[in-house]
Undergrad: 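Below is a structure I'd like to ask you about.
Keep in mind the model is a prediction, meaning the values are calculated, not measured.
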Amino acid sequence: MKSILEKVFVNDKLLSTINRLLKILPYEAKNLRNTSVMGGFNKFCEEELRKITSSLSSGEGVLPSLKLIQQRILQYPTLPEEEKRSLLLELQSLLEKLREEITLHVNIQKIKGIGKKTARELEKLGICSVKDLLYHFPRGYEDRRKITRISQVKPGEKVTIQGKIVVVGEERTRKGKKIFRAIVDDGTGKIVLTWFYFKGIKEIIKPGKEGIFTGRVSYFSGLEIIHPEFELWEEEKEKKEFLYGGRIIPFYPATTSLTQGRLRQILYRTVKEFAPFLFDPLPPNLLKKYALPSVKDAIREIHFPTSVKNLKKARLRFAWEELFLFQLGILSKRGWREKEEGSIFNASIWEDLNRILPFTLTPSQRKVLEEIRQDLTSGKRMYRLLQGDVGSGKTVVALGASLMVLKHGYQVAFLAPTHILAEQHYWNFIRFLAPLGFEVVLITGKEKKKAREEVIEKIRGGEANVVIGTHSLLNEEIVFKNLGLVVIDEQHRFGVVQRSELIKKGEKAHVLVMSATPIPRSLALALYGEMDISTLEEIPGGKREVETYWLKEEEREKIFPFILEEIGKGRLIYYVVPRIKDKNKEMESLERIALLLEKRLPQVSLGVLHGRLKKEKQKKILDDFRKGKIQILLSTPVIEVGIDVPDATVMVIENAERFGLSQLHQLRGRVGRGKYPGYCFLIGTPQTPSGGVRLEKILTTQDGFQIAEEDLKLRGPGELLGTLQHGFKGFRVVNILKAVNLLEKAREEAKRFMKEKNLLPLYLKIVKERFPEWEETSLT
């Protein structure tokens, strides 16, 4: 260890004491008779634990748990066998975790050979400690186990050869650049290795040295490999373990200044020296049940695989590790939340809803509102996820839930991701709640100072019953008098910490989060298992299909006659482009399409909307569009959610291949919301296969659940988890969307492990280490 460490450990005695105890534990576990040490295992163990606990000054980590075992161990001889076995397992786990903490949770500069410059490059990759380094897994591999004879190499092939350097030499080009060449002979043939000179190469590549060389073969005046990766034997007869060839080679996420070769060298030494000190976060019975390798073996195989089979086993093991810990965290959060008290609200709302709503609730909406009512009367804090397709009526459910709270004199906070969506909710809530005497206010951060101060004071004094806003609601200056319900719309657009900040503004406030990006229930349970889940399965008035067409860019002209025909019927048109400007001209811009529409449809009233416009200007444009004063609304994707204009029947989306499936579905959902049929035109010429797949999929289905599932496969779960803003790094190996069955197994195993009360605190500590984004929410 001292060969590559510089004063890492608290002291050598501490590590020796830990190792001594760990060595004795297996012997005691065989017969549980307190006879594994002369004078009694329990007395020996208590003395050794006293040495350990006295060496640790902090009250954090495993120290409190070790002190408890130190007290309990003296009663060891009188304990039933099962309790003895459990105590020994707990002690072993705590000691192994402590050993990991004092050896691996240290700065990488403690490793010999890693200086400040290399450390800075590693920190760019999120590597600050030795353990971070061990868990910096390869992004891919190349199988270089096959050594090709030089007599069999062919131009264009990437090969690994092994042989002796027989000739070296330098030459200069006509422009004066240096070239260094070497000839390698393996007994079956010779090949030239060429370097466009770099410093120090001639001190390394010398005649008589043997080594292994990898690169792509080319043919100039003969066979050659330009800039091969190589390793040499230190001495002629010494055969060493290579990192560049003759094995399955790892390739890592790297930086421009930190090469693959340098990373491999660092990782090879680190894995070799430090793998034995890793604590295994998978319980022994789980490893045995699923025949998974230990963390020590798996960490070696995932970095430097000895076979493809062993690499697959290692990756499966770490997939299990990630999912098991993730589920443990979710279940713990659920357990913690189930203990939280919630304000009790038991007001009847059906009479009020019947009076203020111009339509009848669907059976699905009534069912979900009844589930929410039961939550609000339980005395426990509600955490409920409401899923529903575009147009399924989630806002009406939120309105009903708000009424239950408002009728008890409490406040409601409604968080929306965009100003436009917040304002849409604001006018809807005013429309329905003002007749009942409730005051609704809007706060988005774009208000003038005096108006904002007045709204904040109303919130603080309780005069504002419903507070609707964007991220401004999270500011410290927004203080509620008696917050009873938090509603978060499009919840995946907010990070874990952001959601938590708003929830903390109400001590016993209930929480309803809504998503128009529905996912299969099994996956929802696995990802949002700390919440109860409700799904709106119907569309009010029956689902109306929106006819969808895909046109290539050169076919754009075909849509203009149809647009004029719809406008002639009194209908309104959305025209969406990806961005305001596009300097690289890679896609259509708002400015260019505005000029095109003015030229092609001069008789039509055109309005232009984007997020940079002032709030008052945005509001006027939307109002004019609703009233028909603007017939075509040309916009960026700010209208994706929350815009409800019954007379809008046509949606045109430029560069449609640039949008995600769920985003296309949301945009399409803006039309056909009234009594007239809707039409959607996707304009785009995909440059990638995935772009074409998205457009084909949106043409063939209008089911939001199917679309969301396909979108997740194509784009990944980051946005779904709502943690992109906070660097969600817990998943290094597993793809959640491709491992639903494994996810469900991990959930079941985590449920069983939740009963292990003695070991649970230790494992929840590991969950916090792996998923630091959850620090804001208690895991106790």
Side-chain angles (χ1 to χ4, degrees), residues 340-361 365-384 386 393-416 421-444 454-470 472-473 478-489 491 502-514 532 534 536 642:
E340 285 188 285
E341 291 183 13
S343 299
I344 297 176
F345 304 117
N346 195 23
S348 176
I349 58 166
W350 304 115
E351 187 178 329
D352 290 318
L353 285 178
N354 289 333
R355 181 154 61 94
I356 63 176
L357 295 179
F359 49 80
T360 303
L361 293 174
Q365 288 171 328
R366 282 185 166 274
K367 177 176 175 291
V368 172
L369 279 170
E370 177 56 27
E371 290 171 347
I372 291 172
R373 189 195 67 78
Q374 290 176 14
D375 288 343
L376 300 188
T377 58
S378 69
K380 303 295 182 183
R381 198 174 200 178
M382 174 180 77
Y383 284 93
R384 186 168 290 276
L386 174 59
K394 295 181 294 298
T395 304
V396 174
V397 172
L399 176 69
S402 299
L403 261 178
M404 295 180 199
V405 171
L406 294 170
K407 293 187 76 173
H408 282 265
Y410 280 71
Q411 295 168 294
V412 174
F414 197 120
L415 178 64
L421 182 53
E423 187 159 283
Q424 176 79 23
H425 286 310
Y426 171 69
W427 289 112
N428 276 332
F429 270 62
I430 282 183
R431 174 187 170 195
F432 295 123
L433 294 180
L436 299 177
F438 297 113
E439 182 169 358
V440 183
V441 298
L442 177 69
I443 188 158
T444 64
E454 289 176 358
V455 171
I456 289 173
E457 192 54 40
K458 281 187 175 183
I459 297 170
R460 189 186 300 270
E463 298 168 51
N465 305 115
V466 179
V467 184
I468 297 175
T470 57
S472 288
L473 280 182
I478 308 297
V479 179
F480 291 83
K481 181 180 180 181
N482 53 354
L483 182 60
L485 174 67
V486 171
V487 181
I488 301 173
D489 197 12
Q491 65 90 25
L502 181 56
I503 293 167
K504 286 190 292 187
K505 290 179 183 284
E507 185 180 351
K508 295 183 180 181
H510 298 280
V511 181
L512 177 67
V513 298
M514 305 194 297
D532 292 306
S534 294
L536 292 175

Undergrad: Measure the spacing between CG of D352 and CE of M404 and express it to the nearest 0.5 Å.
TA: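 Reported to 0.5 Å precision, the distance equals 11.0 Å.
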
Undergrad: Any chance you could measure Q424, atom CD, to N428, atom CG, to the nearest 0.5 Å?
TA: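 Result: 5.0 Å between the selected atoms.
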
Undergrad: For residues V479 and I459, determine if any side-chain heavy atom of one lies less than 4.5 Å from a side-chain heavy atom of the other.
TA: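 When only atoms from C-beta onward are counted, I459 and V479 do not touch, as no gap falls below 4.5 Å.
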
Undergrad: Taking everything shown except E463 itself, do over 12 heavy atoms lie less than 6.0 Å from its CD?
TA: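 Yes - once you tally the heavy atoms of other residues, nucleotides and ligands closer than 6.0 Å, there are more than 12.
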
Undergrad: Side chain of K508, backbone of G484: donor and acceptor closer than 3.5 Å?
TA: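 No, K508 side chain to G484 backbone: no donor-acceptor pair under 3.5 Å.
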
Undergrad: Please step through ring pair (Phe, Tyr, Trp, His ring centres under 6.0 Å) for the pair H510 and F345, ending with a clear verdict.
TA: CA-CA 10 Å; H510 298 280; F345 304 117; 5.7 Å; yes

Undergrad: Kindly determine whether V486 and L415 satisfy side chain to side chain contact (heavy atoms under 4.5 Å, CB included), including the steps that lead there.
TA: CA-CA 8 Å; V486 171; L415 178 64; 5.9 Å; no

Undergrad: Would you mind reporting whether L433 and N465 have side-chain heavy atoms less than 4.5 Å apart?
TA: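 N465 does not reach L433 side chain to side chain.
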
Undergrad: I468 and V441: side chain to side chain contact (heavy atoms under 4.5 Å, CB included), yes or no, with the steps?
TA: CA-CA 6 Å; I468 297 175; V441 298; over 6 Å; no

Undergrad: What I'd like to find out is whether the side chain of Y426 reaches to under 4.5 Å of the side chain of V440, using heavy atoms alone.
TA: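 Contact flag for Y426/V440 side chains = yes.
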
Undergrad: Hey, does the side chain of Q365 reach the backbone of V396 with a donor-acceptor pair shorter than 3.5 angstrom?
TA: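 Such a contact is absent between Q365 side chain and V396 backbone.
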
Undergrad: How would you list, by chain and number, every residue that makes a salt bridge (Lys or Arg N to Asp or Glu O under 4.0 Å) with E507, sequence neighbours excluded?
TA: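 Checked E507 against salt bridge (Lys or Arg N to Asp or Glu O under 4.0 Å); zero matches.
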
Undergrad: In the structure I gave you, are the side-chain heavy atoms of L369 and L361 within less than 4.5 Å of one another anywhere?
TA: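 Yes. Closest side-chain heavy atoms under 4.5 Å.
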
Undergrad: Does any non-hydrogen side-chain atom of L357 lie less than 4.5 Å from one of L399?
TA: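 Of all side-chain heavy-atom pairs linking L357 with L399, at least one is under 4.5 Å.
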
Undergrad: How long is the span from the OG atom in S343 to the NE2 atom in H408, to the nearest 0.5 Å?
TA: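 So the gap between those two atoms works out to 10.0 Å.
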
Undergrad: Would you mind reporting whether D489 and V513 have side-chain heavy atoms less than 4.5 Å apart?
TA: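 Answer no - side chains too far apart.
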
Undergrad: Are any side-chain N or O atoms of Q411 and backbone N or O atoms of N482, one a donor and one an acceptor, separated by less than 3.5 Å?
TA: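 Checked: pair present.
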
Undergrad: Taking the side chain as everything from C-beta on, heavy atoms only, tell me whether M382 gets closer than 4.5 Å to L485.
TA: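 Yes; the side chains approach each other to less than 4.5 Å.
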
Undergrad: Report yes or no: is the cationic atom of R355 (NZ for Lys, CZ for Arg) closer than 6.0 Å to the six-membered ring centre of W350, at no more than 45° off its axis?
TA: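 Not flagged: R355 not positioned over aromatic ring of W350.
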
Undergrad: Which atoms form the tightest heavy-atom contact between L483 and A509, and what is the distance?
TA: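 That would be O-CB, 3.5 Å.
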
Undergrad: Between R384 and D375, is the closest basic N to carboxylate O distance under 4.0 Å?
TA: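 Salt bridge flag = yes for R384 with D375.
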
Undergrad: Quick one: CG on L536 to CE on M514, what's the gap to the nearest 0.5 Å?
TA: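 The CE atom of M514 is 9.5 Å from CG of L536, to the nearest 0.5 Å.
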
Undergrad: Given side chain to side chain contact (heavy atoms under 4.5 Å, CB included), test T395 with V397 step by step and report yes or no.
TA: CA-CA 5 Å; T395 304; V397 172; over 6 Å; no

Undergrad: Check ring pair (Phe, Tyr, Trp, His ring centres under 6.0 Å) between F432 and all other residues, then give those that pass, not counting sequence neighbours.
TA: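 Not a single residue meets the ring pair (Phe, Tyr, Trp, His ring centres under 6.0 Å) criterion with F432.
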
Undergrad: If I take atom CD1 from residue I349 and atom CD1 from residue I356, how far apart are they, to the nearest 0.5 angstrom?
TA: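 One gets 9.0 Å once the value is rounded to the nearest 0.5 Å.
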
Undergrad: Go through the structure and list residues passing ring pair (Phe, Tyr, Trp, His ring centres under 6.0 Å) with F414, not counting sequence neighbours.
TA: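 F414: ring pair (Phe, Tyr, Trp, His ring centres under 6.0 Å) contacts with H425, F429.
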
Undergrad: Of all residues at least two apart in sequence or in a different chain, which pass the salt bridge (Lys or Arg N to Asp or Glu O under 4.0 Å) check with E340?
TA: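 Salt bridge (Lys or Arg N to Asp or Glu O under 4.0 Å) list for E340, sorted by chain: R381.
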
Undergrad: Can you name the salt bridge (Lys or Arg N to Asp or Glu O under 4.0 Å) partners of E439, sequence neighbours left out?
TA: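 Residues passing salt bridge (Lys or Arg N to Asp or Glu O under 4.0 Å) with E439: K458.
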
Undergrad: Which heavy atom in P358 sits nearest to a heavy atom in R431, and how many Å separate them?
TA: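 Smallest heavy-atom distance, with atoms named: CG-NH2, 3.7 Å.
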
Undergrad: Are R460 and K481 close enough, and set up right, to give a side chain to side chain contact (heavy atoms under 4.5 Å, CB included), and what steps lead you there?
TA: CA-CA 5 Å; R460 189 186 300 270; K481 181 180 180 181; over 6 Å; no

Undergrad: Within a strict 4.5 Å, meaning less than it, do heavy atoms of the L353 and L403 side chains meet?
TA: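 Yes, close enough: below the 4.5 Å cut-off.
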
Undergrad: Suppose we screen for salt bridge (Lys or Arg N to Asp or Glu O under 4.0 Å). Which residues come up paired with K367, at least two apart in sequence or across chains?
TA: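 If we apply the salt bridge (Lys or Arg N to Asp or Glu O under 4.0 Å) test to K367, skipping adjacent residues, the hits are E371.
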
Undergrad: Return the CD1 to CD1 distance between I443 and I478, rounded to the nearest 0.5 Å.
TA: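 Interatomic distance, I443 CD1 to I478 CD1, rounded to 0.5 Å: 3.5 Å.
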
